[in-house]
Number of protein chains: 2
Amino acid sequence: MLGKIPRVVIVGCGFGGLATARGLAGEPVEVLLIDRNNYHVFKPLLPMVASAELSPFSIAAPTRTIFRNQKNLRVIQASAESVDLSRKVVITGQGEIEFDFLVLATGAEPNYFGNDRFAEICIPLASLSDARLIRNRILSAFEQAESACSIGGACSSELLNFVIVGAGPTGVELAGSFSTLVSRVLSKDFRGVDVKQAKIYLIELADRILPMPGLPASFSHYAEGILRERGIEVLTGSRVTDIDHRGVTIERKIEAEAGAESQSLFIPTGTVIWSAGMKAASLTESLGVALDRSGRVIVNSYLNPVEFENVFVIGDASRFEQNGGTLPCIAPVAKQMGSYVASSIKNSLAGVSMPPFVYEDTGTVVTIADGHGIASFKSLKLNGPAGWLVWLVAHVYFLIGFRNRSLVMVQWLFSWLFASRGARIITGATDSIHSVNEVK
Amino acid sequence: MLGKIPRVVIVGCGFGGLATARGLAGEPVEVLLIDRNNYHVFKPLLPMVASAELSPFSIAAPTRTIFRNQKNLRVIQASAESVDLSRKVVITGQGEIEFDFLVLATGAEPNYFGNDRFAEICIPLASLSDARLIRNRILSAFEQAESACSIGGACSSELLNFVIVGAGPTGVELAGSFSTLVSRVLSKDFRGVDVKQAKIYLIELADRILPMPGLPASFSHYAEGILRERGIEVLTGSRVTDIDHRGVTIERKIEAEAGAESQSLFIPTGTVIWSAGMKAASLTESLGVALDRSGRVIVNSYLNPVEFENVFVIGDASRFEQNGGTLPCIAPVAKQMGSYVASSIKNSLAGVSMPPFVYEDTGTVVTIADGHGIASFKSLKLNGPAGWLVWLVAHVYFLIGFRNRSLVMVQWLFSWLFASRGARIITGATDSIHSVNEVK
């Protein structure tokens, strides 16, 4: 032990880190919570920020405010660069931090599966900066199309092609909210360019959108129907084979008389959003423990990497097997793991042994577009407006902090009533359509 | 004339451009409103964004939404690079735009009076990006001080020295709001660093703060008292002689027995905010007309540069003499000029001549800090809570758009009730203290 009071260092203030930190409130430990940002972000609402439905401030809360009343905790804004498990230190840009217990909740980053050049062009949707960048890019594309029509007289519809790769909840919610932005808001705002020309492509490798194990196929088809009604081009069974500055090439399975064939398709676009895969943030590589192919730490039933009982890896940074499958990278898993680890540390100090971690499925809620959603629980399956309502209540309820909750409600209310999106502001440097990745 | 309908090109969507555009609603002209951003920003509230009291979204409104119902107007997001008055074209990054009437409302940018190296270090407060940058810098300074104390054990108070150069309304309001952020909010958020060590310096060349011609000296002294009570170091009669990465050097007049002397003072700091002077945005240089020393176009009684009856220059880009003085660079001047120009264009088309422009003084309102303000009109002079209330009502009333007005009210209400500032989020790249100007 470092001193009389054992020190718990938590790296990362997402859902997992937050749950761990909260679970240790009032306990006889010194908690250091390290994050590179000074805020916790409610990531399930990132698609709404990317489509200018909500402002970035509505879904973020300053970490220090969240923990203002937790006396045994200190927040440190620092970038954790590596971990030396043998010396029990986390190495940050500002210096080394010793620990007795370490909780790694460092989350995930986009996985381009080795296609490094995709990374140069695609914008992921994994952070608040990403959401801001997507919002800027979408709005700038319309502005550029309008200028081109108004000044040069050269209207090009390619500027208004948008490709979203990956139709999990993030891709689906972004596509839906973006289509509403176009049909309800931007269509009234532009005069020169024909906004109806805008085309959103949603590309998915699986043969259905929302291909989550627990979700019935009928829900996927329902969601696909809603998106198609709104003019979104949904391309399932489609593999992205190339992405460059001109556009996206996909290979699509089609049913032909002689059996399954595939068809190559090129979509010209300057805007590609990547929501197709994630891998663990690279900090895990410094640990020297077993990782899976996505860089996630393989943890035992107690959420430890083997041989390190004082180290826990949780959430998107960990790989945990249960019932023959791997737990998905979603908020409820991270939260439950965080609470478990807090209990585990308490018990360890008290000399009490812990039962193994067991994830309880809390169900899935996805919003498709305005007033249409999906809620899938063990005993309750809802789609349509009822599914959407469950989505809304769940998300607003879980938003950190009373203040943000009401701000979100106010913003949504106004969006509905006045078909207006006040967060429709292009901030930071004006992003030209092909040099945007540097501007982050 | 370009076609049957004369075209009015307005460059800049600040208060002046907005007033001109609105004044031309329903008139038989084609209005093109060009701005490099896609929003109008309510600049009098920039200090509140810089101190995290309001989010940037609360004080900005998308230009297209403002003019959604004005059928004769088109918005173009483009950067105007120069103007060729003889060919009657505005040259933008996207191409040339012809005009019959031109209204230049291009505003102002910081004036460092030839000290180019000041520009490398200082952050101005002239745009929404500037406000975001100042907010990031202020918050990051506290985070860095906390990390230094917590990790390295090396607490340095210099990180928490902040210098504001220029004590006009912008500098005074920023100093006041920033001091409230420190005393009411940050003091509860930090554990390692002693927030009370934070020191805000307000430097002013004149011998009083708020040295505006119309404002009684007693009001300046009242304001100075309020700021001093809050621990702000107010240094009047002080000339900045140097600014570098280590800090700010000033020369200060002091009263000595042998008459006036001057004293040199060095303030170590990594954060210098410049609100000391503005000049016209550089577009005016391309006109080939007479400019004053600050690059402002010298206009006649009809707001034209001499010899160009179809060209108007208004707001901060123009220099207009009235009653032996020059009109100040403030919102009411720009607004009144904009309305005048709209009438002038209407009359010109109708063949009716216009009386010369006359500015009517609408008074001055300044907020000093929490619940203390100044309101100075011809027949009414208020300070204290009454002055503050007038400031609040005036600002919320004039905020563009119903939606933003209520958001601002909600945000302020929460700030008051919970001593919390939800906009306290460091966005974009994490700014290190000395390399921040590139991050804009």
**Q** Given that the side chain runs from C-beta out, which part of A:T63 has a heavy atom under 4.5 Å from chain B: side chain, backbone, both or neither?
**A**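 It is neither, since no heavy atom gets under 4.5 Å.
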
**Q** Flag the pair A:E143 and B:R36 as a salt bridge only when some basic side-chain nitrogen lies within less than 4.0 angstrom of an acidic carboxylate oxygen.
**A**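 No, this pair does not count.
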
**Q** Is A:R68 close to B:V185 at the side-chain level, that is, under 4.5 Å between some pair of heavy atoms?
**A**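 The answer is yes; the side chains approach within 4.5 Å.
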
**Q** I need the minimum non-hydrogen distance between A:S147 and B:I76, along with the two atoms involved.
**A**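 Distance-wise, the nearest heavy atoms are OG-CG2, 3.7 Å.
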
**Q** Please report the interatomic distance CG(A:N38) to CG(B:L139), rounded to the nearest 0.5 Å.
**A**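 So the CG of A:N38 and the CG of B:L139 are separated by 6.0 Å.
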
**Q** Output the distance between atom CZ (B:R74) and atom SG (A:C149), rounded to the nearest 0.5 Å.
**A**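 Result: 8.0 Å between the selected atoms.
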
**Q** Which distance, rounded to the nearest 0.5 Å, do you find between the CG of A:N69 and the NZ of B:K188?
**A**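 A:N69 CG to B:K188 NZ: 9.5 Å, rounded to 0.5 Å.
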
**Q** To the nearest 0.5 Å, tell me how far A:L73 CG sits from B:R191 CZ.
**A**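 The CG atom of A:L73 sits 7.0 Å away from the CZ atom of B:R191.
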
**Q** Taking the side chain as every heavy atom from C-beta outward, state whether B:E146 and A:R64 have any pair of such atoms under 4.5 Å apart.
**A**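 Contact flag for B:E146/A:R64 side chains = yes.
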
**Q** Check whether any side-chain heavy atom of A:F57 lies under 4.5 Å from a side-chain heavy atom of B:S58, and answer yes or no.
**A**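 Result no, sub-4.5 Å side-chain heavy-atom pair not found.
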
**Q** Please classify the contact of B:V75 with chain A as side chain, backbone, both or neither, using a heavy-atom distance under 4.5 Å.
**A**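 For B:V75, the contact with chain A is made by the backbone alone.
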
**Q** Atom OG in B:S150, atom CG in A:L32: separation rounded to 0.5 Å?
**A**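 Interatomic distance, B:S150 OG to A:L32 CG, rounded to 0.5 Å: 6.5 Å.
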
